[in-house]
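What follows is a short report on a single structure.
Here is how names work: the chains are called A, B, and so on, in the same order as the sequence lines, proteins then strands, and each is numbered from 1.
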2 protein chains.
Amino acid sequence: MNVKDAVSAFNDYLQSQGLKLTRQRALITEVFFDPAKRADHPTVEELYLRVKGRDSTVGHATVYRTLKLLVDGKLATPNRIGEDLTRYEPEVPGEHHDHMVCAECGLIIEFEDAEIERLQEQVAARHGFALRDHSMNLVVAPRGDCARADCLKGAAGEARGAGAAR
Amino acid sequence: MNVKDAVSAFNDYLQSQGLKLTRQRALITEVFFDPAKRADHPTVEELYLRVKGRDSTVGHATVYRTLKLLVDGKLATPNRIGEDLTRYEPEVPGEHHDHMVCAECGLIIEFEDAEIERLQEQVAARHGFALRDHSMNLVVAPRGDCARADCLKGAAGEARGAGAAR
DNA sequence: CTATATGCAAAACGTTTGCATCCCT
DNA sequence: AGGGATGCAAACGTTTTGCATATAG
């Protein structure tokens, strides 16, 4: 999903709700879906600062409010990966992935595993429920040294969709 | 792990750190490990209120500070199951489980699945990491009506109906 | 035009911390 | 006795909200 599609999808959502695509909302969405930053999971503050860099008049509240709308419109997902801050990640409709965070350097790796998801549904079913959503975060440690920049040393990119550093 | 063992284990930890087992710390630990409440995952506020019921002089800060010590001592685990609040759960050394939360009523069910855990290790290994820890939360919905006797639907205050609205 | 959105600053929330006092060991 | 520990309230950082003004459609 490129920037233009994201803004367009957001606009569709806004219109369906009788809301408006303002200059600020478009800008925030553009910055959030900026291809150069797609791998990270910004906090509201980080996103606010990036937005501010392009338009210093945008206020804190607008970023919070817009992020909430993006979540409602399924274009963003809040994620509490670490411990404290809420991070948001750009969402590509239809795709799903979980996270792996390196305990040494904090690198966040995305992955998906169909087999695990199948088992999750089984577990829910076993308790009489239907699986509606899930979150899974693995805390991992490198085997050997952690070289920060490329913590995935030796990680021959197998498991597809593992959009780690690139 | 019963109440007495928990307090004792906490005391061991405290002594190892040159800290003291005070009346308040013992009380908070007792309340936290109260068998009648072992299934739930109290927020700091909930625990504070329960403690306050037994000794109204205990302050907010002490509960926060003690909970942090319990976490350091591996007797408690912070868990962000729903969306907002941090919930703490009594930890039994050697045991592990994940959570399933009902989107309708907020009921939290604990489960463990060896197969999923095995796959998690595989995923980590596939990326060149060793699995150190993980958290997994399933958001589920009852099939049809929630017929569970322990369905918390309508139970204000406790476990807020996670997720749902999206 | 009118409903919605904005920016600001203040409020609200959970959590932490400084400090004078208190209490374990 | 003395180094923790406590309770209180003030401080904190994040997120929300009230309000007067600005703007999209």
Whole-Å gap separating P (D:dT14) and OH (A:Y64): 7 Å
At less than 4.0 Å, is any side-chain N or O atom of A:Q24 found next to OP1 or OP2 of D:dA22? Yes or no. no
May I ask you to say what B:T57 touches in the nucleic acid, namely base, sugar-phosphate or nothing, with a heavy-atom cut-off under 4.0 Å? sugar-phosphate
Assess whether a salt bridge exists between B:R23 and B:D55, defined as any Lys/Arg side-chain N lying under 4.0 Å from an Asp/Glu carboxylate O. yes
Between P of D:dT6 and CG of B:L69, the distance in whole Å: 8 Å
Assign A:E45 to base, sugar-phosphate, or nothing according to its heavy-atom contacts below 4.0 angstrom with the strands shown. nothing
For B:A61 and B:Q15, find the nucleotide of DNA chain C closest to each by heavy atoms; which residue's nucleotide sits nearer the 5' end? B:A61
D:dG7 phosphate, OP1 or OP2, under 4.0 Å from B:T62 side-chain N/O: yes
Please report, rounded to the nearest Å, how far the P atom of D:dT6 is from the CG atom of B:L21. 10 Å
Would you kindly give the CG-to-P distance between A:L14 and D:dG25, to the nearest whole Å? 9 Å
May I ask you to say whether A:K4 pairs ionically with A:E30, meaning some side-chain N is under 4.0 Å from a carboxylate O? no
Verify the contact: side-chain N or O of A:K68 to OP1 or OP2 of D:dT16, cut-off strictly under 4.0 Å; return yes or no. yes
On the nucleotide C:dT6, are OP1 or OP2 found under 4.0 Å from the side-chain N or O atoms that A:T22 carries? yes
Provide the closest heavy-atom pair for B:A124 versus B:A130 in the form atom of the first, atom of the second, distance. CB-C, 4.4 Å
Rounded to the nearest angstrom, tell me the gap between atom NZ in B:K20 and atom C1' in D:dG4. 4 Å
Value in whole Å for how far the P atom of D:dC8 lies from CZ of B:R65: 11 Å
Between B:S56 and A:R23, just flag the one whose closest nucleotide in DNA chain D comes earlier from the 5' side. B:S56
Contact class for A:R25 vs. all strands (heavy atom < 4.0 Å): base, sugar-phosphate, or nothing? sugar-phosphate
Send over the distance from A:Y48 OH to C:dC8 C1', rounded to a whole Å. 11 Å
When the distance from NE2 of B:H60 to C1' of D:dA10 is rounded to whole Å, what number comes out? 15 Å
Looking at B:H60 versus B:Y48, is the centre-to-centre ring distance below 6.0 Å? yes
What heavy-atom pair brings A:T29 and A:R25 nearest, and what distance separates the two atoms? OG1-O, 2.7 Å
Return the 5'-most residue of the pair B:T66, A:V44 with respect to DNA chain D, ranking by each residue's nearest nucleotide. B:T66
